[in-house]
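Each remark here refers to the structure printed beneath this line.
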Number of protein chains: 2
Amino acid sequence: MEQRISIRDVAAHAGVSPSTVSRVLNGQDADHMRPETKERILATIKELDYTPVRAAQRLRRRKTQALGVLIPDISNLYFSLLTRGVESVAFTEGFSTLVCDSNHETDRESAYLDFLLSEGVDGIVFVPVGRPDLDLVQRLTDRGVRVIVADRRVDGLTTVDADNVGGSRDLAAYLLGLGYREIAYLAGPEEVSTAEDRLAGFRGAMKTAGQTPAAVVRGQFTFQSGYDHAVTILERRAVDAIIAANDLMAIGAIRAAEDRGLAVPDDLGVAGFDHVPWAALVRPQLTTVEVPAYAIGQEAGRRLLDGSEDSLRLPTTLIPGGTCARRRRTK
Amino acid sequence: MEQRISIRDVAAHAGVSPSTVSRVLNGQDADHMRPETKERILATIKELDYTPVRAAQRLRRRKTQALGVLIPDISNLYFSLLTRGVESVAFTEGFSTLVCDSNHETDRESAYLDFLLSEGVDGIVFVPVGRPDLDLVQRLTDRGVRVIVADRRVDGLTTVDADNVGGSRDLAAYLLGLGYREIAYLAGPEEVSTAEDRLAGFRGAMKTAGQTPAAVVRGQFTFQSGYDHAVTILERRAVDAIIAANDLMAIGAIRAAEDRGLAVPDDLGVAGFDHVPWAALVRPQLTTVEVPAYAIGQEAGRRLLDGSEDSLRLPTTLIPGGTCARRRRTK
DNA sequence: GTGAAAGCGCTAACAC
DNA sequence: GTGTTAGCGCTTTCAC
């Protein structure tokens with residue numbers, strides 16, 4: 001910020017007052033302004049290569065034109081896509097985006113919330129680690145910082161997330177339609193609303209079809225957890241298919257099946273959730289459900305920008321793949 | 001930024017002047033200050049829940065205490081790790097990080113450079129898309145914004161990147177040591193210094209060993225490109241091993257080999273570069289080279305913070321895997 | 001050891 | 001249509 005030329009320099013060079021320059025800069029009264037004056041100012045701006053100092057604008061306007069994004073892990077593809085979504089709408093509106101990575105730590109999360117408060121962001125797209133500190137959030141909203149929760153639900157806060165229940169229900173219904181009957185479910189951690197929703201969708205579809213789950217076990221959203229729990233299930237019961245709460249677990253389940261000499265999809269159908277792009281490298285291709293992370297980011301950002309308080313649940317997309325291609329597809 | 005309480009409110013409540021509060025806030029003259037005064041101020045800050053307004057600090061101090069990160073794609077794991085590295089050092093120093101995603105577009109890249117200039121960031125960690133606009137960079141440095149190029153080399157600019165040449169040389173030497181002789185190389189695009197360096201390392205190792213590459217073909221850093229070019233190579237020549245310029249291409253090559261009925265590693269050794277974590281889901285596990293993206297980000301950020309102009313080349317790590325386990329390992 | 005005063009660069013009433 | 005003026009909230013000489 002060794003900025004040399006200020007708006008006053010531009011004004012002096014153009015032979016006008018700073019306010020006139022400011023008006024040109026902000027497109028105000030553009031109509032009521034003498035075109036030649038405007039031209040001259042624009043030329044001077046270009047000539048001097050003048051760039052307004054955002055800090056001064058923010059201080060004076062008393063709003064920052066900045067959005068915060070607070071996520072658990074930017075190196076997780078899902079969150080980075082969500083971030084890009086927020087950033088894309090922010091950028092087109094001339095807003096800055098402050099990306100903060102809580103690293104799955106609640107301490108860091110609180111620190112960043114404080115930080116975003118002092119930055120004075122106009123709003124925050126927040127993907128909390130577990131249950132967020134509602135008092136802290138309250139402090140922010142009291143000070144005029146809008147907060148939108150993305151990707152998970154938190155009572156009392158506006159949320160933009162995916163229809164995990166519906167997506168999971170559709171997926172289970174799809175497998176039932178293919179003729180699978182003894183279906184086991186690898187659920188995610190119960191503190192995460194996403195995991196709960198997917199499980200609920202699965203249960204709903206099974207109930208509707210008059211079926212009982214062959215097994216429901218809880219694990220973490222990891223490859224290893226998927227592998228381990230799949231082994232357990234396959235040791236205990238003869239199952240038709242395994243549906244995992246995310247792709248990583250599903251791939252773990254595929255490996256577990258292979259290691260036990262079961263062929264996928266001939267001996268066991270497997271399905272996941274998330275549609276991570278590199279799952280396409282797994283063969284056969286994984287049957288899964290796409291979650292619109294980018295769109296969630298965009299919608300959350302848009303709400304922050306236009307002041308809407310509506311929650312939104314975005315539809316997911318079923319992605320059929322070879323891992324569930326065994327039976328009477330053609331009936 | 002509907003901030004209510006300012007430093008003057010705190011001062012009034014504590015019965016001191018704003019300057020004294022400011023001194024406490026900035027840890028200045030902490031020794032020369034009457035402890036009880038300091039106590040009182042601290043208590044008032046807590047009581048009123050006062051948070052300084054960064055915009056005002058920045059305007060007054062004439063520096064932003066903010067760093068910019070400009071990368072081609074935040075949803076690429078490599079860049080997101082690099083970003084985390086920058087952010088981690090920035091955060092511990094009380095600096096904000098502005099993450100900008102050029103989406104591999106030079107227009108957007110220029111726009112963001114302008115944007116970062118108006119934000120007045122103190123420095124930028126820059127991963128350019130192809131050859132950057134040096135005039136633009138010059139404009140920034142003229143205005144006191146330091147720029148450090150990360151992950152690739154640009155003449156005349158301070159760089160922090162990985163030792164791609166050395167890593168690639170070591171990898172090739174490793175395969176040669178295992179007894180592979182007819183080694184083909186799948187190179188990346190030649191505009192990218194990273195791709196060139198890896199190819200150069202490969203060539204160097206082959207030359208040192210008195211070997212000639214079985215083939216060298218250029219492609220893109222994608223799965224499909226790896227697959228297609230591997231097919232071409234395997235059709236034309238009997239090769240021992242394929243080394244790809246990155247993991248994605250290597251996995252493509254593995255699939256191509258499998259589709260042609262070749263077993264990996266028994267009929268063909270395959271190696272990659274990058275060590276993407278999900279490559280561990282591929283079996284056998286990929287032989288590859290780890291590039292320290294996080295450390296690169298940290299070092300680049302650190303240079304920005306401490307004003308150092310030294311370039312740095314960080315060592316890579318060879319990750320042996322089952323895809324090159326064929327021969328006389330025990331010799 | 002603490003206060004008074006000036007000003008960072010900009011915008012928005014309010015004049016004219 | 002354009003200029004004048006008064007701050008936004010903070011830091012930092014310079015007094016005392």
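The sequence lines fix the lettering, A, B, ..., with proteins before strands; numbering per chain opens at 1. This structure is a prediction, so every number in the text was calculated from the model and none was measured.
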Identify each atom pair where a protein N or O and an N or O of nucleotides 3-6 of chain C are less than 3.5 Å apart, giving names and distance.
residue : atom : partner : partner atom : Å
C/dG3   : OP2  : B/Ser17 : N            : 2.8
C/dG3   : OP2  : B/Ser17 : OG           : 3.2
C/dG3   : OP2  : B/Thr20 : OG1          : 2.6
C/dG3   : N7   : B/Arg23 : NH2          : 2.9
C/dG3   : O6   : B/Arg23 : NH1          : 3.4
C/dA4   : N6   : B/Ser19 : OG           : 3.1

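Between the CD1 atom of A/Ile7 and the P atom of C/dA12 there is a distance of 11 Å, given to the nearest Å. One atom, CD1 of B/Ile45, and another, C1' of D/dC10, lie 13 Å apart when rounded to the nearest Å. Whole-Å rounding puts the B/Glu39 CD to C/dG1 C1' distance at 16 Å. Between B/Asn26 atom CG and D/dC10 atom C1' the separation is 9 Å, expressed in whole Å. For A/Arg34 and D/dT2, the CZ to C1' distance is 9 Å, given to the nearest whole Å. Going from atom CD1 of B/Ile5 over to atom C1' of D/dC10 covers 15 Å, rounded to whole Å. Following rounding to the nearest Å, A/Arg54 (CZ) and C/dC8 (C1') show an atom-to-atom distance of 18 Å. Atom NZ in A/Lys63 sits about 18 Å away from atom P in D/dC8, given to the nearest Å.
Checking D/dG9, D/dT11, C/dT2 against the side-chain heavy atoms of B/Ser22 singles out D/dT11 as nearest. For B/Leu25, taking side-chain heavy atoms from C-beta onward, the closest of the listed nucleotides D/dC8, C/dG1, D/dT11 is D/dT11. Nearest to the side-chain atoms of B/Val53 among the listed nucleotides C/dC10, D/dG9, C/dT11 stands D/dG9. Between C/dG9, C/dC10, D/dG1, one nucleotide has an atom nearer to the side chain of A/Leu59 than all others, and that is C/dG9.
Side chain to side chain, B/Thr83 and B/Ser80 fail the donor-acceptor criterion of an N or O pair below 3.5 Å. Counted by atom type alone, A/Ser110 and A/Asp114 present zero donor-acceptor pairs between their side chains at under 3.5 Å. Looking at A/Asp151 and A/Tyr78, their side chains do bring a donor and an acceptor atom within 3.5 Å of each other.
With respect to A/Asp49 and B/Arg139, a salt bridge is recorded, a charged nitrogen being found less than 4.0 Å from a carboxylate O. Under a 4.0 Å N-O distance rule, the pair B/Glu87/B/Arg84 does not qualify as a salt bridge. Ion pairing between a basic and an acidic side chain is recognised when a charged N comes within 4.0 Å of a carboxylate O; B/Glu309 and B/Arg303 show no such pairing.
For the helix from C/dG1-D/dC16 to C/dC16-D/dG1, the terminal axes (five pairs an end, C1' atoms, rotation from four pairs onto the next four) enclose an angle of 40°, given to 10 degrees.
Looking only at side-chain heavy atoms (C-beta outward), B/Gln65 and B/Arg61 come within less than 4.5 Å of each other. Counting only heavy atoms from C-beta outward, the side chains of A/Asp122 and A/Val145 never approach each other to under 4.5 Å.
The aromatic rings of A/Phe115 and B/Phe91 lie perpendicular to each other, with more than 60° between the two planes, well past the 30° mark.
At least one side-chain nitrogen or oxygen of A/Gln57 sits closer than 4.0 Å to the OP1 or OP2 atom of C/dT11. Under 4.0 angstrom from either OP1 or OP2 of D/dT11 there lies at least one side-chain N or O belonging to B/Arg61. Note on A/Thr37: a side-chain N or O is less than 4.0 Å away from OP1 or OP2 of D/dT2.
Checking A/Asp197, A/Asp161, A/Asn164 one by one against A/Arg313, the side chain to side chain donor-acceptor pair (under 3.5 Å) holds for a single residue, A/Asp161.
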